[in-house]
There are 2 protein chains.
Amino acid sequence: MSQLFRDHLEAVSPLTDKEFEYILSHFRFKKLKKHAYLVQEDEYVKYEYFVLKGCLRAFVGDGDTGKEFIFQFGVEDWWITDREAFFQGSKASINISCLEDCELLGITLTDREKLGEELWKYEHFMQVKANLGYISLQKRLQMMIIGNAKDRYEQFIRQYPHLINRIPKTYIASYLGVSRETLSRLYKD
Amino acid sequence: MSQLFRDHLEAVSPLTDKEFEYILSHFRFKKLKKHAYLVQEDEYVKYEYFVLKGCLRAFVGDGDTGKEFIFQFGVEDWWITDREAFFQGSKASINISCLEDCELLGITLTDREKLGEELWKYEHFMQVKANLGYISLQKRLQMMIIGNAKDRYEQFIRQYPHLINRIPKTYIASYLGVSRETLSRLYKD
DNA sequence: AAAACAAAGTGACAATTGTCCTTTGGACGG
DNA sequence: CCGTCCAAAGGACAATTGTCACTTTGTTTT
């Protein structure tokens, strides 16, 4: 079950069995049902999570207009949390909820830092992952600004073909920053 | 002159004189005149740069429409490069050019990795910086999607008051993802 | 199987922003 | 000191997308 996690870590640097067991011992397993919240606005964020199974959405709700914007989906093999709140020990400004039943591995900031100090490979892993994350966010930003609604949707299909029929269109629209109606009109032809 | 750089590194972890000298010895000093290119599309990106002095813009030009979008400005105390090309050893997909005469410190990927292996503090520094970068990109993305042109401009003023009169409005418009004309209309009242 | 609910498609209209074009004013070089 | 260049402002109109209201389809519950 944690093989997925091990493969994920080893994509950056190979680990001995002992190292992997040691890393894993700092994580806590968590199960959540569909519609449950993993992170709620205004509450502290104690963990950063690796998704073993299921699908989640991280979103902000704009209080004034009632609009919602989805930052990120999390499916198997992805990390998810409110990074800002997690690192700064502040209250969450976003929500994360489950679109399906989920299984996660969570680590606290203290353990994360401890692991990084004890095991160079883990510090390195976090460095590499953060940089890859930055690169993909930058690509997304570029698409949001340069592309129109159609370009964005087409790119989404290309990038995440397996999510199209797994995630309700309403949420995909929100992720792409367009209204549900506009998205709906894009693929009628 | 390199005090700025030392302070920047020490904001994450304090360094001994020896450590700092060692880190600095891996960087190459570079001077560029206004309008010069630091990175050009389709060329390899050998360095990641820390800005000691001056101001740069990182942008993509959309070949078809002739539109330009500015990802990032770089001023004193900021890092700048085409991250994707730098890490993957691939050709740049963006351009970086100088809006003013500039002074930079550059490091190659090989030296960056070497430093990270030899000095845990440097690996840690990179990890922390990458995560902070991710957080600020995410905030920018949120603003781009939820906010209208006016919100975005007002947030820019709040966040970078010192850049408003340093950078031509055309470029600020491009950074905010609006046309120069629209931006122009926002602050007539 | 029927009722209740959530998701998706559609039409009409409004609002925001982009595009094109002209004008003004300041900076810089010969 | 004049001419050239470029940044910026603004008007007119078009295009894209959002909003609201309603219909249709599909899914879950009892």
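Sequence lines set the chain letters: A, B, ... in the order given, protein chains first and strands last, and positions in each chain run from 1.
Atom C1' of nucleotide D:dG10 and atom CG of B:Leu183 are separated by 14 Å, given to the nearest angstrom. The distance between atom CZ of B:Arg180 and atom C1' of C:dG18, rounded to the nearest whole Å, is 12 Å. Atom CG in B:Asn165 sits roughly 10 Å away from atom P in D:dA8 (whole-Å rounding). Between B:Leu186 atom CG and C:dT17 atom P there is a gap of 8 Å when expressed in whole angstrom units. As a whole-Å value, the separation of A:Ile145 CD1 from D:dT17 C1' is 17 Å. Whole-Å rounding puts the A:Ile167 CD1 to C:dA6 C1' distance at 17 Å. Look at CZ on B:Arg185: it is 9 Å from P on D:dG11, rounded to the nearest Å. In this entry the distance linking CD1 of B:Ile146 with P of D:dT17 reads 18 Å, nearest Å.
Contact between the side-chain N/O atoms of A:Ser179 and the OP1/OP2 oxygens of D:dT17 is not found at any separation under 4.0 Å. OP1 or OP2 of C:dG9 has at least one side-chain nitrogen or oxygen of A:Ser184 nearer than 4.0 Å.
DNA chain C lies under 4.0 Å from at least one heavy atom of each of the following residues of residues 168-175 of chain A: A:Pro168, A:Lys169, A:Thr170.
Side-chain N or O atoms of B:Ser2 include none that pairs as donor or acceptor with a backbone N or O of B:Phe5 at under 3.5 Å.
Taking the six-membered ring wherever Trp is involved, the centroid distance between the rings of A:Tyr160 and A:Trp78 falls below 6.0 Å. Between A:Tyr175 and A:Phe73, the ring center distance clears the sub-6.0 Å criterion. Checked against the 6.0 Å centroid threshold, A:Phe27 and A:Phe29 do not count as a close aromatic pair.
In summary, B:Arg6 and B:Asp17 engage in a salt bridge, as defined by a charged side-chain N under 4.0 Å from a carboxylate O.
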Would you please test A:Glu76 and A:Arg166 for salt bridge (Lys or Arg N to Asp or Glu O under 4.0 Å) and show each step? CA-CA 13 Å; A:Glu76 293 80 10; A:Arg166 187 171 175 186; 3.1 Å; yes
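Among the nucleotides C:dG9, D:dT17, D:dC20, the one closest to any side-chain atom of A:Glu181 is D:dC20.
For A:Arg152 against D:dT17, a side-chain-to-base donor-acceptor contact under 3.5 Å is absent.
Under the side-chain contact (heavy atoms from CB on, under 4.5 Å) test applied with A:Met126, the options B:Glu123, B:His124, B:Gln127, B:Met126 reduce to a single match, B:Gln127.
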